[in-house]
Amino acid sequence: MTRGTMRLMVILLGSYLFYGWWDWRFLSLIILSTCCNFWAGSLISATSDSKFRKIILWTSIVGNIGLLGVFKYLNFFRDTVIKVFEGLGFNPDIPTLSIILPVGISFFTFQALSYVIDIYRGNMEAEPKLLRFAVYISLFPQLVAGPIVRASQLLPELRIDHKLDMKRILIGIEMILIGYFLKVVVSDSLAPIVDLILSSPSHETSLSLMVAVSFFAFQIYCDFNGYSLIAIGLGKMLGFDFGQNFNRPYFSASFSEFWTRWHISLSSWLRDYLYIPLGGNKHGRIKTFRNLVLTMLLGGLWHGASWNFVIWGALHGFYLVMQRIFSSIIKSLKEAIHTPLLFTQQTSLVTFVSVTTTTSRFLSRPLLILLVFGLTCFSWIFFRAPDLQSSLDIIFGIYQLDDLSPLSIPSKFLVLKGVLLIMVILSCEAFGFWLESRNRTFESLRLRWLRAMLILWSIPLLGTFKSNSFIYFQF
Amino acid sequence: MKFSLYILVIILIFFTGDRIFSHFLANIIQSSGTKFSTVYKGKQENNVILLGNSRSDSSFCPPDIASLTSLKTFQLGHKGMSTNIAEVFWRDYIDLNKKPDILLMDITNITDDDKLLYDLKAYSHWSDRMKSLLKKLDETAYYTSLLSNLYLWNGEVLFRSLYFKNRTDQKKCLQSKRVVEPATALNMTKKSESEFIIKKENLNALQRIVKDSINVGIKVVLVFPPLHPEFARNKKSYIQSLINTTQLKIGNDIQILDYSMVIQDTNAFKDIGHLNNFGSKLLLNKMIADGVFETSKKLSSLPKEVLRLDN
């Protein structure tokens, strides 16, 4: 047995122990998924009969989606069917199944699907070793909440016998530290305010609700980004590169840009395995809109078995469609007017999007960032609220604009802490954005050490240590 | 070897910085105008001490009491503070400051749990009693704060202290103008699951406070503060049960004043459980009429809203 094989076995055992610690019964599920997808990939790779390859591919897709459907969506479909029948005047008696949602099923199922589909497309060869494939599916840092790593990226890394690399370990530790800071200091500090205000939205003032929704935008961002960084850092220490999962999403000036910066592993997965196979933007405007909306609807549904998540996805689909419509209108206007001058004397819409002078380019991006952030916050209402009624209570409460006095906000000092933490995050990200725009990176070793020490001091001082699990564990 | 050296240096820098920053933050907190920092500055001379939870904070307004009675009044009540924790501050106050004449206490904090200890652990820096309570109720927090002194300042206390750096928190009751909407009050009453469950350790703490205060010549006044009329009617049996249980525990030397339904004017409430400043003035009027305080001012010279008497 080679050193590399032993290393993989240790990682696999550790990953199964990690997964089985939550519920040992679901180990059989992940092992079954591993074996079936490995076998499907091998069969597809071994044959040149296109019909047979297609059958295996679709069997694998149906099997994986079916698995997800049973564990995640069965009761949701049951409830929806009952509501439809009740609306038609019937009372069907469909029993509820007591099904536990296996941790990480949404993530490892998508990883398995990407493997089989990439083999079918000829983008990669099937992995000959079951051990290596099993490690790919169950690798513990990203097993329960991503990032969703492509087989074509990770499998080649699993073939390398990495030696202990102190530089990688230190970088990994640095990422884990930043991730832990985002989770324990920022996200968990914002959570109590969000929970307090949104637990009874009809009793809260407009300003309190606005604060809660904005705080939630940063709570979920820091929670998920924090987890991703911890997973990526752990992977780094083990010698693997998972790729970035978030890239300053609240600095996006459009929704297409937002989806290249938010949950990058999922959005790129949806693009490559759903949007593009549906036709992408290659078959005319109407089909492009259809494909965008369908992709985002299914993306919303992936997050959870609830109509609220579907609405959240639909909103983002709508935003993407409207963005395209506005972009094409502006483009047509510019072509029609055919002048490079600033259109301040003409419509405010044209002024807003004109980019021919440095001044207007400087102004329009911040405004667009605010617009995208505002609309994203609106969609987060549906993501956060437990049901549609609560979502409507929050929206109605905000738009009443009944009390905008800061005195109406509960737990003012905790809110103040939250505001300060958000300002720290935004300042750091703005600095990172500025570096990125000048093709520079944060390389100064002294500054990185200082950052690490500041984080270490801030964790006991500002961290919240009540046991709040990661939000994306529920998906 | 090099890696181990790195780790050692990081640990050393961490602990050095932890102690330096902690010392700096302790100075900020001690110099602030918050009620607890004022206690530990010492040498306060107050005639009346107000003690309890948020109901004490909203029902009894020190500037109003002082202006009507000429008695220097100090609010030691704090939102969510259980009697167990209140006892610590009360005893520390007596040790470090001049003994007051009157202790006016809201008894509803016998139903509060000790979760505020997490925030108030900061004061274990100055109080051995708080340190013992922390060790008894939350060993993890106690030992973590020994390891990292910065952890001691983890909580709302730091931000409160920064806000009240150059001002006192004794006057904030004067800014409480909010009035609860009738529909909201009704809704909140219907949804309220509050059952006023008494915590045994709180009852024991109350008994000790009352007994030891009387022994050193302090007049003790125990009050069940006003609740919104809808809420008070809804919880009448719980209120009576709480008062009876408390009375039984402390004996008959002191009669608990049941003011739960004494204010019927719904404009006096900022929510179903708390008075606003207007309400606290009405309550003060009632307490003067009941002889809790003697006023040095003639009735005709009292502000209009204080003259109104509810049943």
Side-chain angles (χ1 to χ4, degrees), chain A residues 164-170 173-174 177 184-185 188-189 192-193 196 199-205 207-208 393 397 400 402-403 405-421 445-446 448-467, chain B residues 2-3 6-7 9-22 24-25 34 79-80 115 118-119 122 138 140-141 144-145 147-164 169 172 175-181 183-185 187-188 191-192 270-272 276:
Chain A
L164 199 68
D165 182 342
M166 282 316 303
K167 194 176 174 191
R168 287 183 74 97
I169 287 176
L170 286 172
I173 291 172
E174 187 184 25
L177 204 56
V184 157
V185 175
D188 286 354
S189 293
I193 314 286
L196 176 69
S199 61
S200 49
S202 50
H203 296 151
E204 298 294 340
T205 62
L207 185 61
S208 297
D393 285 344
Q400 270 190 120
D402 61 342
D403 189 347
S405 157
L407 292 174
S408 68
I409 302 172
S411 296
K412 293 174 212 12
F413 293 102
L414 290 181
V415 169
L416 177 65
K417 179 186 176 185
V419 168
L420 290 171
L421 288 171
L445 207 58
R446 274 189 201 147
R448 286 168 72 179
W449 274 111
L450 179 63
R451 179 176 66 181
M453 290 315 304
L454 287 172
I455 288 174
L456 280 173
W457 287 318
S458 69
I459 287 171
L461 179 64
L462 299 170
T464 300
F465 302 100
K466 289 165 194 153
S467 53
Chain B
K2 202 178 176 185
F3 183 68
Y6 268 133
I7 300 294
V9 168
I10 289 169
I11 291 171
L12 206 64
I13 295 173
F14 172 77
F15 281 111
T16 308
D18 180 270
R19 276 14 183 208
I20 292 172
F21 288 133
S22 176
F24 173 67
L25 292 173
T34 59
K79 59 167 187 161
K115 61 180 178 228
Y118 184 81
D119 268 338
D138 193 343
T140 310
T144 308
S145 64
L147 190 67
S148 165
N149 287 173
L150 281 172
Y151 181 69
L152 213 53
W153 317 119
N154 186 323
E156 215 183 90
V157 165
L158 177 61
F159 293 92
R160 252 180 206 273
S161 300
L162 286 167
Y163 181 77
F164 288 109
D169 62 355
K172 69 179 176 67
Q175 292 157 14
S176 175
K177 308 272 183 227
R178 206 168 162 212
V179 177
V180 66
E181 296 288 319
T184 308
N187 212 9
M188 286 170 82
K191 288 187 177 179
S192 170
K270 62 179 178 183
D271 59 49
I272 57 173
N276 53 29

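Quick note on labels: first sequence line is chain A, next is B, and so on, each numbered from 1.
- The minimum heavy-atom distance between B/Tyr118 and A/Gly463, with the atom names listed, is OH-O, 3.9 Å.
- Neither the backbone nor the side chain of B/Leu152 comes within less than 4.5 Å of any heavy atom of chain A.
- Between B/Tyr163 and A/Phe413, the ring planes lie perpendicular to each other; the angle is over 60°, past the 30° to 60° tilted range.
- Between the CG atom in A/Leu416 and the CD atom in B/Glu156 there is a gap of 10.0 Å [rounded to 0.5 Å].
- Using cut-offs of 30° and 60° for the angle between ring planes, the A/Trp457 and B/Phe21 rings count as perpendicular.
- Other residues, nucleotides and ligands contribute more than 12 heavy atoms inside 6.0 Å of the CD atom of A/Gln400.
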Exercise. Show your working on side chain to side chain contact (heavy atoms under 4.5 Å, CB included) between A/Phe465 and B/Asn154 and close with a plain yes or no.
Key: CA-CA 10 Å; A/Phe465 302 100; B/Asn154 186 323; 3.8 Å; yes
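- Remark: of the listed residues A/Leu414, A/Val415, A/Leu420, A/Leu420 is the sole one forming a side-chain contact (heavy atoms from CB on, under 4.5 Å) with B/Phe159.
- In terms of heavy-atom proximity, A/Leu456 sits nearest to B/Ile10 at CD1-CG2, 4.1 Å.
- The contact between A/Ile459 and chain B is made entirely by backbone atoms, counting heavy-atom distances below 4.5 Å.
- For chain A, the nearby part of B/Arg178 is the side chain; its heavy atoms alone come within less than 4.5 Å.
- Neither the backbone nor the side chain of B/Leu162 comes within contact range of chain A; no heavy atom of the residue lies under 4.5 Å from a heavy atom of that chain.
- Partner A/Leu461 forms a side-chain contact (heavy atoms from CB on, under 4.5 Å) with one of B/Asp18, B/Leu25, B/Asn149 and no other, that one being B/Leu25.
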